[in-house]
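Following: one structure in structure tokens, then a few remarks.
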Amino acid sequence: MSHRPVHYELFSRRTPQSSWVLEMASESRDQVVAAADEMLKSGRAAVRVTKEMLDPESGEYSSVTVLDKGVAVAAKKPKLAPATDTVCASPQDLYSALAREKISRLLEDWLKLQGVTAFELLHRPDLAERLEASGSELLHVVQKLAVPESHETGQALHDLMRRWSSLFDKACTRLIQDGRKGLFPELTPENCLEVVDRLHDHPERTYVFGGALAATLKGQRRPSVKLETLLIHAGLINAWLDAHPEREWALQLIEIPVVELFAARGSLNDVLGEEMDLGGAMMIMTRLAAGREVDLIARADARVARLTPPLSGVLGGYHDLILNNRLPHLSYHISKRLMQELKSPRRLRPNDPMGEIEILRVLALCMTAAARDESQRDDITEAFADRSRKLVSADFITSLLETAETPAEEADRLIWLCENMVGVANKRQAARWLAQIVGAEKFERHMRENQQSAAQRLLALAQMQGRVTAASLIDQDGEEVSRRLGQIGSQIAADVKLLAHILRGGASSMQKFSMLLSFAAGQSAPFGPLSEQAKAEVMKMMRDPALRSGLSAQPQILATLRPMMQAAGVLAA
């Protein structure tokens, strides 16, 4: 019989409800059992000793309990919920926000087939008759509600199904009978205010006005037409509120179907009359939900102004109502949907990677500015970090670089990516992609051998280096790229013997001093070996009395050169 290694493990619970915690392990059974007894005496609620045996063939341990002492954990009895401990206990409860959200989710396919929202279903007798006649649709809803509730509460499944079926039957019967009684008045733009005023003291004014409002949408399947109809009534009531603020309940009711219509994925395209990519749709939604903040940013940032379309027609009408704080729930739900879209896998600009980076930056500016508190700003930052992660994937980088014509353009696009990254890990990954391009022989050869003059190439490298520094990359990642750009700049200068030509050329001392200073300050050439050499020459020239007196005699030139001298480290700040 083969030898099987054995050891013993001691677990304890501090309280009867706490989890088991491993306290020790030993090959001595007596030692572990003695320690278990001591722990039990010292106040532990329970102890357990197990024997662990290793199977050499499988490499896995088998466990056997050899000691189990202490207070046993009482088995939890299933919680029996009372009949009212549910989302809905009466037909009126189906009209709450939570119930409507559940109806929208559970009947999503049926509602889409009918071209209606949950609000319309709850307020139109004809839809209630249609749903009741379908049979199977209601049965599926009952099952989806009853099964998880039965698991959670321990109640009998058939009892719950009967209760839910009874509730839906009562709700449908009530709505159908109210329709036959003519409870819901006919609503038109001409009598809208009169109807609202007449229903103001009605005990079920929202239910009755909701039925009248839903009837105006009957026969229309397009969200754009429904939104326009609702906007007409909302505009009439809004104009009336300054004189009659107590009638605001009617506008709040109109907001419910408006929110549901905007929540549908195809609604915005239907209103606009064109298919938009996700980035464009999100810009419109951002403008709609946070127009005041977007307008302020657009005045200072031309890119935001260019990418933020003006809102007119139906969208302009709802935009004005939100600006006047008349539709707070609509603004909230649009902001919520924006967050969901940010976290979705869909591309913002499917065929335009550069445009995707640009619009992501604009969205980040606008949505962060519109955040109401620090917690919301943190959520937005997290969402953009998640979206940024998609932009440093191999697939996106491939699409970003495939149309670049030169290695310099590839580097420029990756720097643009680094400048717009959110999240430390994403910045690091973007910097690694950039380091691969800049560190490649192809990039060095292009910068040293292309047809541009040495001065133009050095200026391009200096600008790249400045952008890398401004991108706030993690120190090591940014320094690696910056150092490489400086090395290539030094090689370009050496190829054409640039410093020697400047020093021996026929330019005046002041002109030479100015050119060398611009290299030393990282303006006309990247920081690196070349800037250090230029700095050394500048320091030599500054010891020349003639040059010093010339600078003193020309204060305007000295004032121009002073910032470069400070940047080069040859003059105290």
Study note, to complete from the structure: Checking I322, I334, V259, I254 against L327 for side chain to side chain contact (heavy atoms under 4.5 Å, CB included), the one that qualifies is I322
**Study point:** Sole candidate of L401, L348, L400 that passes side chain to side chain contact (heavy atoms under 4.5 Å, CB included) when paired with P353
**Key:** L400
Revision key, fill the gap. Between E341 and the options K336, R265, R347, the salt bridge (charged side-chain N to carboxylate O under 4.0 Å, His left out) test singles out R265
Check your understanding: For H329, does the NE2 atom sit with more than 12 other heavy atoms under 6.0 Å from it, leaving out its own atoms?
Key -> no
Check your understanding: Are any non-hydrogen side-chain atoms of V362 and M283 less than 4.5 angstrom apart?
Key -> yes
Exercise for review: Mind running salt bridge (Lys or Arg N to Asp or Glu O under 4.0 Å) on D201 and R205 for me, showing each step along the way?
Suggested key: CA-CA 7 Å; D201 295 321; R205 64 188 183 187; 5.8 Å; no
Check your understanding: Any side-chain heavy-atom pair from E132 and E137 closer than 4.5 angstrom?
Key -> no
Review point. Once you round to the nearest 0.5 Å, how far does CG of L261 lie from NZ of K226?
Key: 6.0 Å
**Study point:** Least distance between heavy atoms, A146 atom then L160 atom
**Key:** O-CD1, 3.7 Å
Exercise for review: Scan R14, R44, R13 and name whichever one has a salt bridge (charged side-chain N to carboxylate O under 4.0 Å, His left out) with E23.
Suggested key: R44
Practice item. Indicate yes or no: does D277 engage R346 in a salt bridge with an N to O separation below 4.0 Å. Key: no
Practice item. May I ask you to check whether over 12 heavy atoms, not counting those of E27, lie within 6.0 Å of atom CD? Key: no
**Study point:** N/O donor-acceptor pair under 3.5 Å between D93 side chain and A89 backbone
**Key:** yes
Exercise for review: State plainly whether the residues E374 and R377 are in salt-bridge range, i.e. N to O under 4.0 Å.
Suggested key: yes
Practice item. Before accepting this row, confirm whether a basic side-chain N of the pair R432/E480 lies closer than 4.0 Å to the acidic partner's carboxylate O. Key: no
Review point. Are E204 and H202 linked by a side-chain donor-acceptor pair shorter than 3.5 Å?
Key: no
Point to revise | Between E152 and S150, a side-chain donor and acceptor under 3.5 Å | key: no
Review point. Within 45° of the six-membered ring axis of Y207 and under 6.0 Å from that ring's centre, is NZ or CZ of R174 located there?
Key: yes
Check your understanding: Hey, would you say the F262 and Y318 ring centroids sit under 6.0 Å apart?
Key -> yes
Point to revise | Note, S104 side chain near T117 side chain (heavy atom, < 4.5 Å) | key: no
Exercise for review: Report yes if some heavy atom in the side chain of S344 is under 4.5 Å from a heavy atom in the side chain of L278; otherwise report no.
Suggested key: yes
Review point. Do L199 and W249 have side chains that get closer than 4.5 Å, going by heavy atoms?
Key: yes
Review point. After noting the C-alpha distance and the side-chain angles of D395 and K390, does the key distance pass the salt bridge (Lys or Arg N to Asp or Glu O under 4.0 Å) rule?
Key: CA-CA 9 Å; D395 289 343; K390 298 176 177 65; over 6 Å; no
Practice item. Measure from the side-chain N and O atoms of D301 to the backbone N and O of I297, and report whether any donor-acceptor pair falls under 3.5 Å. Key: no
Check your understanding: Does R100 pair with E260 as a salt bridge, N-O distance under 4.0 Å?
Key -> yes
Check your understanding: How far apart are the C-alpha atoms of R326 and E255, what are their side-chain angles, what is the distance that settles it, and do they pass the salt bridge (Lys or Arg N to Asp or Glu O under 4.0 Å) test?
Key -> CA-CA 9 Å; R326 297 302 196 192; E255 187 178 21; over 6 Å; no
Check your understanding: Is the shortest heavy-atom distance from the side chain of W164 to the side chain of M161 under 4.5 Å?
Key -> no
Review point. Is the closest side-chain heavy-atom distance between R303 and R361 below 4.5 Å?
Key: yes
**Study point:** E382 and K343 ion-paired at < 4.0 Å
**Key:** no
Point to revise | Lys/Arg-Asp/Glu bridge criterion (N-O < 4.0 Å) met for E293, R372 | key: yes
Point to revise | salt bridge (Lys or Arg N to Asp or Glu O under 4.0 Å) assessment of K51 paired with E9 | key: CA-CA 7 Å; K51 180 181 179 181; E9 295 180 353; over 6 Å; no
Check your understanding: Got a salt bridge between R162 and D159, using NZ or NE/NH1/NH2 to carboxylate O under 4.0 Å?
Key -> yes
